[in-house]
Structure formats: structure tokens, C-alpha cells
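Note that ligands are numbered from 1 as they come in the structure, with each ligand's atoms numbered from 1 the same way. Just so it is clear, the model here is predicted, and its values are computed rather than measured.
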Amino acid sequence: MVVAQHKVVSIHYKVVDDDSDELIDSSETGDPMTYLHGARNLIPGLEQALEGKQAGDALEVTVEAADAYGEYSEDRVHQVPREALAEVERVEPGVTVVANTEQGPVNLVIVEVGDEEVKLDANHPLAGRRLRFDVSVEQVRDATEEEISHGHAHGPGGHHHD
Ligand SMILES: [Zn+2]
């Protein structure tokens with residue numbers, strides 16, 4: 001069975017920064033990651049590369065920033081008055097705050113704290129980075145109707161409901 005729309009796929013993966021070789025994430029110490037293919041649960045570049053693969057296949061995929069977590073954009077760096085963060089407990093660099101916007105909650109990282117203004121960065125932490133994945137396909141199965149209607153995989157390595 002090959003990876004295609006509405007298949008549930010389990011993969012082991014390791015992802016590094018393609019420029020620095022810094023290890024970013026790996027599934028090797030735990031269960032494989034299980035996802036519903038074609039439901040945008042993976043970054044687009046990786047999902048495309050897995051199309052047509054089957055259990056036992058191994059692949060190395062390099063994904064440009066634009067097909068991973070996006071280009072780094074200065075437009076996502078904002079200066080706000082300190083009083084806008086009056087309810088935030090610790091206002092210091094590296095702290096993530098959540099802003100509620102019309103598009104839903106957005107994570108912003110505090111990058112600089114001035115006397116009157118605070119600089120916040122809404123770029124994804126991996127924005128602007130070209131990533132290299134080592135992937136092995138462990139299992140491919142049909143999705144259940146419930147999984148298709150939920151838009152994600154259930155079971156070990158997949159989505160858990162409370
Ligand atoms: Zn569900």
C-alpha cells in the first residue's frame with residue numbers, strides 16, 4: 001500500500017538544520033509519528049516527498065524554508081508598548097507570549113525589552129531554515145471515516161482526545 005490521500009502513515013524521522021547540521025527533532029527514542037496523509041498535518045515539502053512511498057522505504061528530504069516553516073519575515077517583528085504586556089508575568093527575552101488575534105492565537109517570542117517598548121517576534125522558531133529530514137516509512141494503512149472527518153490520525157503516535 002502506498003502513501004496517498006486518506007492513508008494513515010507512521011514514520012520515524014530525524015530532522016536537522018541543513019546548514020549547521022544541528023539536530024532539531026527526532027522520533028528515534030519513542031514511537032513513530034503517525035499522521036493522516038493529505039490533511040496538511042505535515043509541512044508541505046515533507047508530505048509531497050512521502051507521496052507514493054511504502055512501508056520499508058527510507059528517504060532523505062531537503063526542504064527549503066518556504067516549504068517548511070516559512071521564510072523569516074521582519075514584518076512579523078513588532079514593537080509594542082510595555083503596558084501592552086502588563087498581564088505577562090515575566091517580561092524578558094526568550095519568553096513566549098500568546099496573542100489572541102482574529103486568525104486565532106499566535107505565539108510571539110520576546111526578543112528585546114526596552115524601558116518603554118518591547119520587541120516581539122511572531123516568526124516560527126524554525127522560520128528561514130532549510131531542513132533536512134531522514135525518514136523511514138514504518139506503516140501505511142487506510143484511514144477510518146472518523147479519522148478523515150477529524151482531519152488527523154488516531155491511535156498510537158497519532159492524535160489523542162481528552
Ligand atoms: Zn480525532
Side-chain angles (χ1 to χ4, degrees), residues 1-18 22-73 75-78 85 87-90 94-111 120-162:
M1 185 178 288
V2 302
V3 176
Q5 178 91 13
H6 294 166
K7 301 295 181 195
V8 168
V9 186
S10 296
I11 57 171
H12 267 303
Y13 67 95
K14 190 179 93 170
V15 53
V16 300
D17 183 305
D18 192 46
E22 178 200 341
L23 178 66
I24 293 167
D25 193 16
S26 167
S27 67
E28 277 162 9
T29 54
D31 289 329
M33 183 187 68
T34 298
Y35 77 97
L36 175 64
H37 192 82
R40 296 168 176 243
N41 292 335
L42 292 189
I43 60 170
L46 186 56
E47 193 164 47
Q48 275 162 28
L50 280 158
E51 184 90 24
K53 298 287 187 279
Q54 53 191 340
D57 284 351
L59 56 157
E60 185 183 280
V61 192
T62 302
V63 183
E64 297 295 331
D67 291 321
Y69 293 95
E71 303 287 359
Y72 187 88
S73 169
D75 293 344
R76 296 206 181 92
V77 179
H78 306 279
L85 299 177
E87 284 172 20
V88 176
E89 229 171 86
R90 286 190 317 135
V95 171
T96 300
V97 297
V98 181
N100 290 306
T101 71
E102 284 171 13
Q103 284 84 41
V106 173
N107 285 332
L108 301 121
V109 177
I110 298 173
V111 287
L120 296 164
D121 189 346
N123 285 289
H124 189 280
L126 296 175
R129 294 168 85 169
R130 184 172 59 223
L131 304 177
R132 192 171 75 244
F133 291 86
D134 271 309
V135 179
S136 62
V137 181
E138 304 295 317
Q139 193 193 44
V140 183
R141 64 167 169 85
D142 288 317
T144 64
E145 280 180 26
E146 190 184 46
E147 287 173 322
I148 292 167
S149 74
H150 286 197
H152 53 231
H154 292 158
H159 191 90
H160 295 278
H161 291 282
D162 292 329

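Annotation: ring-ring contact (aromatic ring centres under 6.0 Å, His included) contacts of His161 (sequence neighbours excluded): His150, His152, His154, His159.
Closer than 2.8 Å to the Zn ion (ligand 1) sit the protein N, O or S atoms His150 ND1, His152 NE2, His154 NE2, His161 NE2.
In this structure, a donor-acceptor pair under 3.5 Å is present between the side chains of Ser136 and Glu138. Side-chain polar atoms of Asn123 and Tyr69 form no donor-acceptor pair below 3.5 angstrom. Between Glu147 and His6, the side chains place no donor N or O within less than 3.5 Å of an acceptor N or O (distance only, hydrogens not considered).
In this structure, the separation between CG on Leu108 and CZ on Arg76 is 11.0 Å, given to the nearest 0.5 Å.
The closest donor-acceptor contact from the side chain of Asp17 to the backbone of Leu126 lies at 3.5 Å or more, if one exists at all.
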